Structures are given as C-alpha cells and as structure tokens.
Amino acid sequence: MSHQSLTFEGVESTDQINRITTALMMLDGVDSVEVGRYGAEVEGKARREVLIKAVEQLKLKIKVS
C-alpha cells in the first residue's frame, strides 16, 4: 500500500471537505483518506493524477497539488 499527500488552497467549509473525502473514497484503489482544509493523506494504490483529477472534477474553485 502506498501513501500520497495532496495539498489544497481555497478550502473554506466542511461541506467542501466532505465532498472531497467522498470523491476520493469512491475511487478504485483508495483504502483510506484523511482530508482537512489544507490537504489530504491517501492510502492505497490509486495514482496521484487520478486523485487530483477527482478533486478538480468537483469544481470547488480550489487549487490541488
């Protein structure tokens, strides 16, 4: 199992955090996710670019890296 860290800019509400958490947990290869205002810690086999794309598709006007 691998560990990935994502960094966020612009997350301002718990609704956004919940939406990001749900989107990441729904991906194949993700075993666990911890999301906060400034980033996420993801465990599993999902590739980094897949994780970033899932967050960007939410159109929350946040920056993900």
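Index from 1, following the sequence. Worth saying up front: this structure is predicted, and the values here are computed from it rather than measured.
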What pair of heavy atoms forms the shortest contact from [X] to [Y], and how long is it?
X   : Y   : answer
G44 : D31 : CA-OD2, 3.5 Å
I17 : G36 : CD1-C, 4.1 Å
A54 : A23 : O-CB, 4.3 Å

query: How about L51 and Q4: do any of their side-chain heavy atoms sit closer than 4.5 Å?
result: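 Sidechains of Q4 and L51: in contact.
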Student check: side-chain heavy atoms of I62 and I20 closer than 4.5 Å: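 They are in contact (side-chain heavy atoms under 4.5 Å apart), so the answer is yes.
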query: Would S32 and E43 count as a side-chain hydrogen bond (donor to acceptor under 3.5 Å, both in side chains) if you check the C-alpha gap in whole Å, the side-chain angles of each, and the deciding distance to 0.1 Å?
result: CA-CA 5 Å; S32 69; E43 295 287 339; 5.6 Å; no
With a 6.0 Å cut-off (strictly less than), is the heavy-atom count around [atom1] of [X], excluding the residue itself, greater than 12?
X   : atom1 : answer
D15 : CG    : yes
E41 : CD    : yes
R47 : CZ    : no

- prompt: Can you tell me if R48 uses its side chain to pair, donor with acceptor, with the backbone of S65 under 3.5 Å?
  reply: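 Checked: pair present.
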task: Look only at the side chain of T7 and the backbone of G39, and say whether a donor-acceptor pair between them is shorter than 3.5 Å.
output: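 Judged by distance alone, no pair lies under 3.5 Å.
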query: Among L58, V11, T21, V55, whose side chain to side chain contact (heavy atoms under 4.5 Å, CB included) with Q16 holds?
result: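 Among the candidates, only V11 passes.
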- prompt: Taking atom CZ of R19 and atom NZ of K59, what is their separation to the nearest 0.5 Å?
  reply: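 That separation rounds to 11.0 Å.
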task: With rounding to the nearest 0.5 Å, note down the distance linking NZ in K63 to CD in E56.
output: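 One finds 11.0 Å between NZ of K63 and CD of E56.
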